[in-house]
Structure formats: C-alpha cells, structure tokens
Amino acid sequence: MSIDEIEAVALELPREELDELIDRLAAHRDMHPGLEQEWLDEVRHRVARYDAGEVEGIPMEETLAKLRAMLW
C-alpha cells in the first residue's frame, strides 16, 4: 500500500478511531518516552517560580531580538 492509499483509508475511519490512530503513530515517533510530561513538569515549575516572585520575566521583544540574533 502506498502512503496515499493508507491516508485515504485512514480518513474514512470514524473520528474516534482516527484520533486513536494519530495518537498511536505519534507515539511511535517519540524517541524519548515521557519527554512531553517532563516538559510539562518543567513549565509548571517555571510558572510556579514566576508566580512566587522568585524569577522575573523577560519582555517578549527582548527574547525575540535575542532569538533573531542567534538565527541570523
């Protein structure tokens, strides 16, 4: 079967089954199981520190300027 044929068959699945298929395929691409949860935990930790006043935010324009400088 070609990829186009697989896609056509998949798109005929009921929405719930298509969602499950997408989740399963995405799981196979994940080379680091649990990495997504680790990132969520890190984000929660950082937000908690910010909310507690332990760290200060960096203005978005400053952050974007630094990113642009790194990329170009």
Side-chain angles (χ1 to χ4, degrees):
M1 255 184 154
S2 72
I3 296 208
D4 289 335
E5 292 169 324
I6 294 169
E7 178 185 17
V9 170
L11 291 175
E12 298 215 7
L13 292 171
R15 178 65 186 203
E16 186 175 293
E17 290 180 22
L18 178 58
D19 289 346
E20 182 178 343
L21 175 61
I22 291 168
D23 289 343
R24 287 184 185 190
L25 292 172
H28 285 287
R29 293 191 73 193
D30 185 7
M31 297 178 65
H32 304 284
L35 184 61
E36 183 175 336
Q37 186 59 50
E38 289 176 27
W39 271 113
L40 289 173
D41 293 344
E42 179 65 21
V43 168
R44 287 185 185 106
H45 173 73
R46 290 181 186 200
V47 168
R49 290 189 64 210
Y50 177 81
D51 288 346
E54 296 174 14
V55 295
E56 291 184 26
I58 300 171
M60 183 172 67
E61 285 305 318
E62 183 180 333
T63 301
L64 291 176
K66 287 180 182 180
L67 179 60
R68 287 184 189 105
M70 288 176 19
L71 297 176
W72 289 282

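What you are looking at is a predicted structure, and each value in this text was computed from that prediction instead of being measured.
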Handout entry: R15: side chain to side chain contact (heavy atoms under 4.5 Å, CB included) partners, not counting sequence neighbours
Key = D19
Completion exercise
side-chain hydrogen bond (donor to acceptor under 3.5 Å, both in side chains) filter on E61, not counting sequence neighbours, yields none
Exercise for the section: Flag yes if more than 12 heavy atoms outside E16 fall under 6.0 Å of its CD atom; otherwise flag no. Expected result: no
Completion exercise
Applied to residues 62-72, the salt bridge (charged side-chain N to carboxylate O under 4.0 Å, His left out) test, sequence neighbours excluded, yields E62-K66
Fill in the blank from the handout: Residue set satisfying side-chain hydrogen bond (donor to acceptor under 3.5 Å, both in side chains) with R24, at least two apart, ordered chain then number -> E20
Handout entry: M60: hydrophobic cluster co-members (side-chain, 4.5 Å)
Key = L64
Can you list, pair by pair, the side-chain donor-acceptor contacts under 3.5 Å of residues 45-59, counting residues two or more places apart and other chains?
residue, atom, partner, partner atom, Å
R46, NE, E42, OE2, 2.7
R46, NH2, E42, OE2, 3.4
R49, NE, E54, OE1, 3.2

If you look only at distance, which donor and acceptor atoms sit under 3.5 Å apart when one is on a side chain in residues 5-14 and the other is two or more places apart or in another chain?
residue, atom, partner, partner atom, Å
E5, OE1, S2, N, 2.7
E5, OE1, S2, OG, 3.4

